[in-house]
Number of protein chains: 2
Amino acid sequence: MTTAQLNTWQDVQSEVLGRIHSRYWKPGDLIPNEADLASEFGCARATVNRALRAVAEAGLLDRKRKAGTRVATNPVRKATLSIPIIRQEIEESNRAYSYGLISSRTAIPPVGVRAQMQLGETTKALYVAALHLADGRPYVSEDRWINIDAVPDILSVDLSLENANEWLVRNAPFTRGDISFSAIQADAKIAEILAARTDDALFVIDRTTWNGNTTITAVRMIFHAGYHMQTTV
Amino acid sequence: MTTAQLNTWQDVQSEVLGRIHSRYWKPGDLIPNEADLASEFGCARATVNRALRAVAEAGLLDRKRKAGTRVATNPVRKATLSIPIIRQEIEESNRAYSYGLISSRTAIPPVGVRAQMQLGETTKALYVAALHLADGRPYVSEDRWINIDAVPDILSVDLSLENANEWLVRNAPFTRGDISFSAIQADAKIAEILAARTDDALFVIDRTTWNGNTTITAVRMIFHAGYHMQTTV
DNA sequence: CAGTGGTCTAGACCACAAG
DNA sequence: TTGTGGTCTAGACCACTGG
């Protein structure tokens, strides 16, 4: 295969992707090393490296020192989904965002939440229930526990005016988060909140965020019936 | 702020993350330019660039030519979830994987699928229904339409022996895919297949994949009741 | 041990966009 | 117009790991 000058790493990347898609390099194949590709493409090795690294991050190549670079046999497609800030998600679809605080109080969390947040049996946390609306219609309900020790300032915030998530995002940076997606059947209570029918299937996101080893908050977001979360690979 | 020599881009990255988390650089702040940081850290500008680019990709910085680099005000957390190959997902949890073909035939797809796949009104496609099991118990049902024009070889594959997804992954590379996650209520038919109860809430992934402008396949995966998809940010 | 990818450097030029 | 990030280069050394 002869190749013209490929000057940018994007050029190299698309050449590489082309060779994979055309099956000129097949799954499992060892491809030439960076130095060889660089001289073939007429560019510097660093440029080839940048391109191959990008393709490897996308999951289409496996790279190992000494062993070389192979076309992935099980191209594990990585979908990057940006965890939406609800307000943005709603406003980007040209609907009016609004927010209602349902309840806010300190209490000892139930055992499940306590375990998830690694809190003691007698440690109180701030419980916040709220509803986000799009064009006045229920969009997602939010059930949140906040670790007061980690974020004491939260107690002085008026959560009927400012949405807890947005306050936390701005004032309580986190280093790590676990996210879980699932489906639940609506019970009478959540059905009423979301204007759904009992037994409707609802999409749920559970998230716990940490700053180092300290839990910041655990939240369950239950979306209105019919919600889809979408992304692209 | 004085800083010792930071020699690797990872060093620079953690210093930068530290300054963001400690709020030494606050959301919205303009941070020094690459050249200044390079001299402060005692490394080359390319090293700083590599570090800042990584942090920006994680969503914590916004970078613009001429305008400089700012700490993101709405740190859009990007969760990368690797779309699982079902067999791997099951085997990694130390359960036995098995697979059953329910049906395989060519037919004209229903209008929704036809639109999604951009097929003509009279174009036939291959329909495959299958069930994946973990330790003999239903794990996920798969309902798939395959564009025969794009992948004619699929017709000569014995899909009772080889799982359609794995065959496609190996033999029909794709350039692009749309994915959607949602929740549905089990009807009698799917409830029976998945050993669930009617009205159970089930987690669903719909995926359409393309090679250039050609649709390869559209698939709906309906997971057993109680399934969680998890990831980390 | 030796080949491969991983990274750093110093310098250079370019593309974009704010003023 | 000009400051900023984006990228390329050529060369160098290092870290990991397969054989």
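Note on naming: letters A, B, ... go to the chains in the order of the sequence lines (proteins, then strands), and numbering restarts at 1 for each one.
Among the heavy atoms of the strands lying under 4.0 Å from A:N49 is at least one base atom, whether or not backbone atoms are also near.
Here the C1' atom of nucleotide D:dT17 and the CG atom of A:D62 are 16 Å apart, to the nearest Å. Protein atom CG of A:L61 is 16 Å distant from nucleotide atom P of C:dT4, rounded to whole Å. Distance CD (A:Q13) to C1' (D:dT7): 14 Å, rounded to an integer number of Å. To the nearest angstrom, C1' of C:dC8 lies 11 Å from CD of B:Q10. Atom-to-atom, CZ of A:R50 to C1' of D:dC8 comes out at 11 Å; the value is rounded to the nearest Å. Remark: P of D:dG18 and CZ of A:R70 are 11 Å apart, rounded to the nearest angstrom. If you take CG of B:N33 and P of D:dT2, they are 17 Å apart, rounded to a whole angstrom. Per the geometry, CZ belonging to A:R63 stands 15 Å off P belonging to D:dG18, to the nearest Å.
Of the side-chain N and O atoms in B:T69, none sit less than 4.0 angstrom from OP1 or OP2 of D:dT4. OP1 or OP2 of D:dT9 lies within a sub-4.0 Å distance of a side-chain N or O belonging to A:T47.
A donor-acceptor pair is defined here as one N or O able to donate and one able to accept, closer than 3.5 Å; such a pair exists between the side chain of A:N171 and the backbone of A:W167.
Residues A:R50 and A:E57 are not paired through a salt bridge, judged by the lack of any N-O separation under 4.0 Å between the basic side chain and the carboxylate. With respect to the salt-bridge test (charged N to carboxylate O, under 4.0 angstrom), the residues B:R63 and B:E34 qualify. Residues A:R220 and A:D206 are paired through a salt bridge, judged by an N-O separation under 4.0 Å between the basic side chain and the carboxylate.
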ask   = How does protein contact run along nucleotides 10-19 of chain C, one letter per nucleotide 5' to 3', with B for base contact, S for sugar-phosphate only, - for none, heavy atoms under 4.0 Å?
value = --B--BBBB-
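For A:S141, there are no side-chain hydrogen bond (donor to acceptor under 3.5 Å, both in side chains) partners two or more places apart in sequence or in a different chain.
Nearer to the 5' terminus of DNA chain D, by closest-nucleotide assignment, is the contact made by B:L52 (compared with the other of A:T8 and B:L52).
The listed nucleotides are D:dT9, C:dG5, D:dG5; the one nearest the side chain of B:E34 is D:dG5.
Between B:Y139 and B:H132, the ring center distance fails the sub-6.0 Å criterion.
For the pair B:L126 and B:S104, the tightest heavy-atom approach, listed with the atom from each and the gap, is CD1-OG, 4.0 Å.
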